[in-house]
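None of the values given here were measured: they were computed from a predicted structure.
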Amino acid sequence: MNATTETLQEIFGNQTLQALGHFANERGVQLYLVGGSVRDLLLKRQTTDIDFALASDAIQFAKGFAASINATCIALEENPATARVIVKRDGTSQTPHLSMDFAQFRAPSLTEDLRLRDLTINAMAIAFENVKAAINDTGQQNASYVIDPCGGTQDLERGLLQFPSERVVPADPVRLLRVYRFAAQLDFRISESAIDLVTKYRSLLSNVAMERCRDELMKTFNVRTAYPYLQQMKAAGLLTQVIPPIKNEGIFWDSLENFEKNPIPTALQAYRSEINEYLQEELGVEINKRSLIKLSLLLRDNLGGVGTRLRLSRKASQFMKCLRLGSEALKNLDQRLTQKEIIRFLRTYISNWWGVLLYTAASHPIDPVLFKQVANTYYERIMPISKQGKLITGDDLIKKFDLKEGEQIGKLLKQIEERQFDGEIRTREEAFAVVAALIQQSNRSL
């Protein structure tokens with residue numbers, strides 16, 4: 001999560017929320033903070049997303065409020081009517097936007113609406129005007145302000161996850177995955193009654209859009225320590241529902257556990273900041289390289305077709321394939337790689353060599369010295385040359401050697417690039433000299 005996010009206690013003191021309160025009062029609208037926002041308020045979790053509910057006209061209310069503060073409004077759903085207001089905080093890339101969802105009750109009353117939600121800890125509400133009062137001067141929550149028909153505050157205190165009732169599961173079977181996702185994110189225990197419902201209704205997941213199942217699964221993978229909860233999902237028969245090719249003998253828990261316990265090998269600790277930035281790079285909505293490395297480690301050689309099954313982006317599927325192929329190439333090479341071999345490896349996997357190293361470290365016994373050599377070679381040799389750019393271009397060759405566009409120019413440029421990365425040439429003059437020699441050699445062979 002972005003380090004600049006705030007707790008809801010802090011957010012409710014800003015001008016945007018004050019303006020929202022005034023806007024609702026002027027129109028006689030009763031707003032409620034609901035669901036995950038109440039949960040996060042009570043847990044003092046940081047967030048940039050706030051959920052509100054109101055009895056009617058949610059989309060019209062959101063559009064009107066957005067216009068009043070010059071923010072963006074997006075209609076999300078018609079049933080229940082839901083809209084999102086996005087507020088730019090201070091115009092800098094370091095400060096996250098504030099996102100507020102306004103949803104219309106899914107039932108005749110707020111209480112019935114809450115009873116239809118996914119988990120008891122997400123089935124709570126606080127009237128907007130009581131939010132500040134719900135947190136007293138010492139920061140302790142005052143439960144008397146919380147509307148809690150399903151016992152969510154008690155479950156929150158116990159660290160327990162359970163469904164408000166059995167009916168909410170068949171109403172939206174993706175909740176079977178969501179309970180494990182929340183268990184991983186909050187480090188909560190799933191109740192026995194909830195596990196029984198998972199077993200009873202797991203086959204209904206086949207009726208859920210795969211994109212929704214994928215999103216819940218990948219959010220679980222993105223948790224720092226996901227493997228215990230993924231193991232619980234496997235035991236409950238959920239993983240095979242989402243990814244049918246999974247078999248008991250085709251899951252590599254040890255590799256996943258190795259990565260989660262030690263994602264950055266000791267030999268690469270000097271590059272921790274660069275690696276963490278790399279792992280956070282997204283290759284889909286809320287799907288980053290860290291979560292994809294975990295998925296790849298769990299399945300390893302059994303990844304075939306998983307990208308298509310989970311509706312992953314083309315970039316995400318290619319990334320996972322690159323991890324497997326790069327790791328195979330690395331472990332099959334001699335541990336004492338020459339400088340040229342390391343350069344060839346880096347140039348082949350130029351965008352994802354970090355991922356290949358981390359994947360390999362978690363799944364195969366490789367000399368850690370090799371990892372350090374690869375990283376040092378990249379920063380000392382590959383990166384400076386990449387920043388320098390090409391010494392010569394095809395236009396240069398056409399002008400200087402009177403060549404015609406075609407295959408010959410491509411071959412010459414490739415050879416120059418290889419010699420540049422190998423350290424054999426460093427200047428344009430040296431590059432032109434090599435080209436002249438190669439042309440002369442080619443002419444003699446004709």
Side-chain angles (χ1 to χ4, degrees), residues 1 5 7-9 33-51 114-126 134-135 139-141 143 146-169 171-202 205 212-239 241-242 253 256-257 260-261 286 290-291 294 298:
M1 181 174 287
T5 55
T7 63
L8 280 167
Q9 289 91 332
L33 185 73
V34 295
S37 292
V38 176
R39 178 200 69 226
D40 290 342
L41 179 71
L42 299 180
L43 290 177
K44 300 181 182 178
R45 297 181 79 213
Q46 292 183 324
T47 185
T48 55
D49 303 322
I50 310 178
D51 297 323
L114 295 175
R115 293 184 188 280
L116 295 175
R117 292 177 178 259
D118 55 2
L119 298 167
T120 60
I121 64 167
N122 296 332
M124 299 179 285
I126 302 176
I135 306 297
Q140 298 298 315
Q141 292 80 16
V146 180
I147 302 167
D148 182 18
C150 302
T153 52
Q154 184 179 8
D155 287 342
L156 207 59
E157 292 173 359
R158 295 188 295 176
L160 185 68
L161 296 175
Q162 51 187 341
F163 301 110
S165 65
E166 181 171 348
R167 63 174 173 163
V168 306
V169 177
D172 187 2
V174 80
R175 290 167 173 169
L176 298 172
L177 294 171
R178 191 170 296 154
V179 68
Y180 289 92
R181 188 250 292 181
F182 276 113
Q185 290 178 333
L186 301 175
D187 193 21
F188 276 19
R189 178 172 56 87
I190 302 173
S191 70
E192 290 298 326
S193 62
I195 294 175
D196 289 342
L197 291 177
V198 169
T199 303
K200 181 177 180 179
Y201 289 107
R202 63 193 178 196
L205 275 179
R212 297 186 67 214
C213 294
R214 173 204 64 206
D215 291 347
E216 293 296 333
L217 181 64
M218 296 312 294
K219 285 177 183 177
T220 304
F221 271 104
N222 201 34
V223 174
R224 183 178 296 274
T225 304
Y227 74 90
Y229 306 97
L230 291 166
Q231 287 176 326
Q232 292 177 40
M233 291 171 65
K234 176 66 175 64
L238 288 184
L239 277 184
Q241 286 291 326
V242 181
W253 297 111
L256 176 59
E257 183 178 357
E260 292 193 332
K261 288 185 174 180
E286 296 193 60
R290 184 191 302 274
S291 59
K294 290 185 181 185
L298 184 64

(message) Run M124 and V34 through side-chain contact (heavy atoms from CB on, under 4.5 Å) and show every step you take.
(response) CA-CA 6 Å; M124 299 179 285; V34 295; over 6 Å; no
(request) Test Y201 against D196 for side chain to side chain donor-acceptor pair (under 3.5 Å), laying out the working first. (result) CA-CA 9 Å; Y201 289 107; D196 289 342; over 6 Å; no
(request) Apply side-chain contact (heavy atoms from CB on, under 4.5 Å) to K200 and E166, showing your working. (result) CA-CA 10 Å; K200 181 177 180 179; E166 181 171 348; 2.6 Å; yes
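Side-chain N or O atoms of R202 include none that pairs as donor or acceptor with a backbone N or O of Q241 at under 3.5 Å. The backbone N or O of D51 sits less than 3.5 Å from a side-chain atom of S37, completing a donor-acceptor pair. Put simply, the side chain of Q232 never gets that close to the backbone of Y180: no donor and acceptor are under 3.5 Å apart. Judged purely by atom type and a 3.5 angstrom limit, K261 has no side-chain atom pairing as donor or acceptor with the backbone of T225. Of the possible donor and acceptor atoms, none in the side chain of D155 sits under 3.5 Å from a partner among the backbone N and O of L160. The backbone N or O of L239 lies less than 3.5 Å from no partner atom in the side chain of K234, so there is not a single donor-acceptor pair.
Ion pairing between a basic and an acidic side chain is recognised when a charged N comes within 4.0 Å of a carboxylate O; E216 and R175 show no such pairing. Residues E260 and R224 are not paired through a salt bridge, judged by the lack of any N-O separation under 4.0 Å between the basic side chain and the carboxylate.
Considering only heavy atoms from C-beta on, F163 comes within 4.5 Å of V179 through its side chain. With contacts defined as side-chain heavy-atom distances shorter than 4.5 Å, the pair Q162/E192 does not qualify. Between L298 and W253, the closest side-chain pair of non-hydrogen atoms falls below 4.5 Å. Using a 4.5 Å cut-off on side-chain heavy atoms (C-beta onward), R45 and R39 make contact. Between M233 and V242, the closest side-chain pair of non-hydrogen atoms is not below 4.5 Å. Within the 4.5 Å cutoff, no side-chain heavy atoms of I126 are placed close to those of I147. For the pair Y229/D187, a side-chain contact is recorded, criterion being any heavy-atom separation below 4.5 Å from C-beta on. E286 is listed as a side-chain neighbour of K219, based on a closest heavy-atom distance under 4.5 Å.
To the nearest 0.5 angstrom, D118 atom CG is 8.0 Å from R181 atom CZ. The CG atom of L119 lies 8.0 Å from the CZ atom of R178; values are rounded to the nearest 0.5 Å. Of the inter-residue distances, the one linking L43 atom CG with I121 atom CD1 reads 7.0 Å to the nearest 0.5 angstrom. Here the CZ-CZ distance, from F221 to R290, works out to 14.0 Å after rounding to the nearest 0.5 Å. Taken from CG in L116 to OG in S165, the straight-line distance is 7.5 Å, to the nearest 0.5 Å. In this structure, CG on L161 lies 6.5 Å from CZ on F188, to the nearest 0.5 angstrom.
The side-chain contact (heavy atoms from CB on, under 4.5 Å) with L177 is formed by just one residue from the set L217, D215, V198, L205; it is L205.
Between A123 and P149, the shortest heavy-atom contact is O-CD, 3.7 Å. Between V38 and A125 the shortest heavy-atom distance is CG2-CA, 3.8 Å.
With no hydrogens or angles considered, no side-chain donor-acceptor pair links R117 and N122 at under 3.5 Å.
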